[in-house]
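Structure, as structure tokens:
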Amino acid sequence: MILQRLVFERQLEKTEELYYKVKHGRARFAEGSCGHVDLSGSDVMDGGKGSSGMQAMDGVMFPAGIELDLRTYFNAFSAAKWKKHTKVSNVGVALEYRGNMKLAVVHFCGTDEKRLYTCDLKSEERTVHRTPDFPLPSEGMIGLVLTAKEGEAYVYGGAYETQDALTARDVRIGISICTYRREAFVERNMKSLKKSILDNEKSPAHGKVTICISDNAGTLDGKRMAHENVKIVKNKNLGGVGGFTRGMLEHMESDEELTHVLLMDDDVVIPPSAIERLYVYLTLLKPKYFEYMLGGALMRLDTPWIQYESGALWNDGDMIANHHNQDMRDLSYCLANEEESRQDYVGWWFACIPVSFIKVKKLPFPVFLHRDDIEYGLRAHGRFLFLNGICVWHEPFETKCPGVTEYYDVRNLAILNAVHEPEFSALDFKKMLFKQISSNIGKFRYQYVDLNLCGAVDFLRGFKWFYEQDAQEIHKKLAKYNYKMVAKEHFVGHGGLTVEDLNVEGEEKPPKMGKLRRLFIIGTTNGHFLPAKNGKPKVTIPYPNIYTLFRCREVIYVDGQGLAFLATRSIKEMICSYVKFFRVCRLIDKHYDKVCADYRKFYERLTGRGYWERYLELEANKEDGPKEDEEG
């Protein structure tokens, strides 16, 4: 029974070390190694019916004297998690190879390692070697180390497998993707998933996955992605939460008896092996973990070996990304991922939710965008699972200008805390709002301050106001507060800027400073009360370290797509921003407690199926099970 395939995918450049590492020389992907060899006796995870093998996605060639280390992010086996969360007790290895090499199966935990199995392999033909099973260790991971002895050695694939007599649970996954004008990303991911899973009979997840794409812009070409297991629905643009909820509803009302809905962003790069790994893991979970959400890590698209986040904490709105900015080429960080810690939510770039959870906890709250995944995750009360190799790549957040999300971040934070964190007081809200606007004032982004304050005021209008509003109209009205983005080349010559000046990559490290210096900068609101520095305008990313902007007169923010806007320091705007803030504080003192109480009282009115069908302007299907309405 196959548990986890060895994979050598070519999703992105410079990701080889996430799959294999080489000592004492070089290795390369083996050309033409996408063939398939049956692993005799290995059952595909289909509940025990029939037998087949695995597809070797790619392979690696390494010459004599070279050590090929598969103790990596994608190819090590999370022994402790498999032992704790699944019914598997023993594991072995099947290796598809050709050549003369030495194989070692290694258990590693921290700095300790133990060789579970070693042998010499030699074959002039492509063949499969199978090790005996070993008891699963209760901590650490298992990986393979191969050393070529003479000539060229090839590894084409393989798997961690078990001879345990297990009955796999029937799992069927409905993938829900919400998109808005990102055709290129969606088409690329659909092409990849069709080839690797939907049309690949050798995939363990073949026949177990369906896909629903909620097209919020109505611009997708359905013919280019036509498939019997792919459904595209034109959806009313009610933000990301509207698209994902539409996908949930479509999957739950389909003829397929789905067990899970997998929410995925449209602008990610998906390693197909992550879907397979997810599927197999779910089939063998112990009943205790049936109701757990399984989340995927977020990897950076610009530096694809860096894990941005694997789970996170809400922390009343001051979010903390777990396992943040870790280089997953480093084995110690793979082991760090194995440590289970408190989690409050998983991002909807990859969030697998049991259908039974949705039926009990109902549908998401209609916050349009931002914080929708956090609100829904808080309902799980920390019941999350993660597994190395289950991930997606995504453009880093700091390269995107926040724009109108500055409004939603404040409004939706207040709603979430009102519902889920009743101890979060009016004073706490004012402190959070002060911190948010001060950050934007220090970056001279005064229009974003207006968005922050609008978010606070709209929250204070209360639940009844929120319920009665047209979310699309609110979103349109926010546009007037946004900065107009232009191609960065527009600023060539502005203040003496050159093309090279406008090419920014990554966050600039702040200058070293002591506590007094830091307090001085804060006290002058990042230099507002001091003369501006001479020289060229500052060019930076959308989320810079604020101390690098000290005493700047002008700042040009450049996003990852090469679009930019100019922000200019203004003492008048700074003073006006704080005056407006104190006016909003008076509203908070007057209305906050009652507004929070109303959100807690009526919150569930907006999470039922009946409400969502009307909100999305869908035809209600009364025959498809009971429908929760807005009755409080």
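Only heavy atoms go into these numbers, but all of them, side chains included; no hydrogens, no water, no symmetry mates. Residue numbers start at 1 and run along the sequence shown.
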For [X], all residues meeting salt bridge (charged side-chain N to carboxylate O under 4.0 Å, His left out), sequence neighbours excluded:
X    : result
K443 : none
D327 : R329
K464 : E468
K435 : D318

Non-neighbouring partners of [X] that pass side chain to side chain donor-acceptor pair (under 3.5 Å), sequence neighbours left out:
X    : answer
H370 : D409
D501 : T498, K536
D330 : S332
K476 : none

Using a strict threshold of under 4.0 Å (side-chain N to carboxylate O), is an ion pair present between [Y] and [X]?
X    : Y    : result
R461 : D458 : yes
R246 : E250 : yes
R379 : E375 : yes
K430 : D589 : yes

Task: Residue pair N325 / Q307, side-chain heavy-atom distance below 4.5 Å - done: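 Heavy-atom side-chain distance check fails, nothing below 4.5 Å.
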
Strictly by modelled atom types, are [X] and [Y] linked by a side-chain donor-acceptor pair under 3.5 Å?
X    : Y    : answer
N482 : Q447 : no
Y578 : S438 : yes
N322 : E309 : no
D266 : T179 : yes

Does the separation of the ring centres of [X] and [Y] fall below 6.0 angstrom?
X    : Y    : answer
Y407 : Y448 : no
Y547 : F550 : no
Y543 : F397 : no
F466 : F365 : yes
W348 : F244 : yes
Y308 : H394 : no
Y557 : F444 : no
Y333 : H323 : no
Y408 : F368 : yes

Open item on the list: Treating D265 as the side-chain partner and V268 as the backbone partner, does any N or O pair qualify as donor plus acceptor under 3.5 Å?
Closed with: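 Answer holds: no.
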
- [ ] May I ask you to decide if E573's main-chain N or O and S570's side chain share a donor-acceptor pair within less than 3.5 Å?
- [x]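 It does hold such a pair.
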
The criterion is side-chain contact (heavy atoms from CB on, under 4.5 Å); which residues satisfy it with [X], sequence neighbours excluded?
X    : answer
T219 : R181, E183, D215, A217
V595 : F459, H591, Y599
L301 : L12, V269, W393

Task: CA sep, side-chain torsions, deciding dist, call: F581, F434, ring-ring contact (aromatic ring centres under 6.0 Å, His included) - done: CA-CA 8 Å; F581 164 73; F434 178 80; 5.6 Å; yes

- [ ] Mind jotting down which residue pairs meet the salt bridge (Lys or Arg N to Asp or Glu O under 4.0 Å) criterion with at least one end in residues 383-406? Sequence neighbours excluded, please.
- [x]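 Salt bridge (Lys or Arg N to Asp or Glu O under 4.0 Å) check on residues 383-406 returns D267-K400, R300-E398.
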
Task: Residue K580 excluded, over 12 heavy atoms near NZ under 6.0 Å - done: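 Yes - once you tally the heavy atoms of other residues, nucleotides and ligands closer than 6.0 Å, there are more than 12.
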
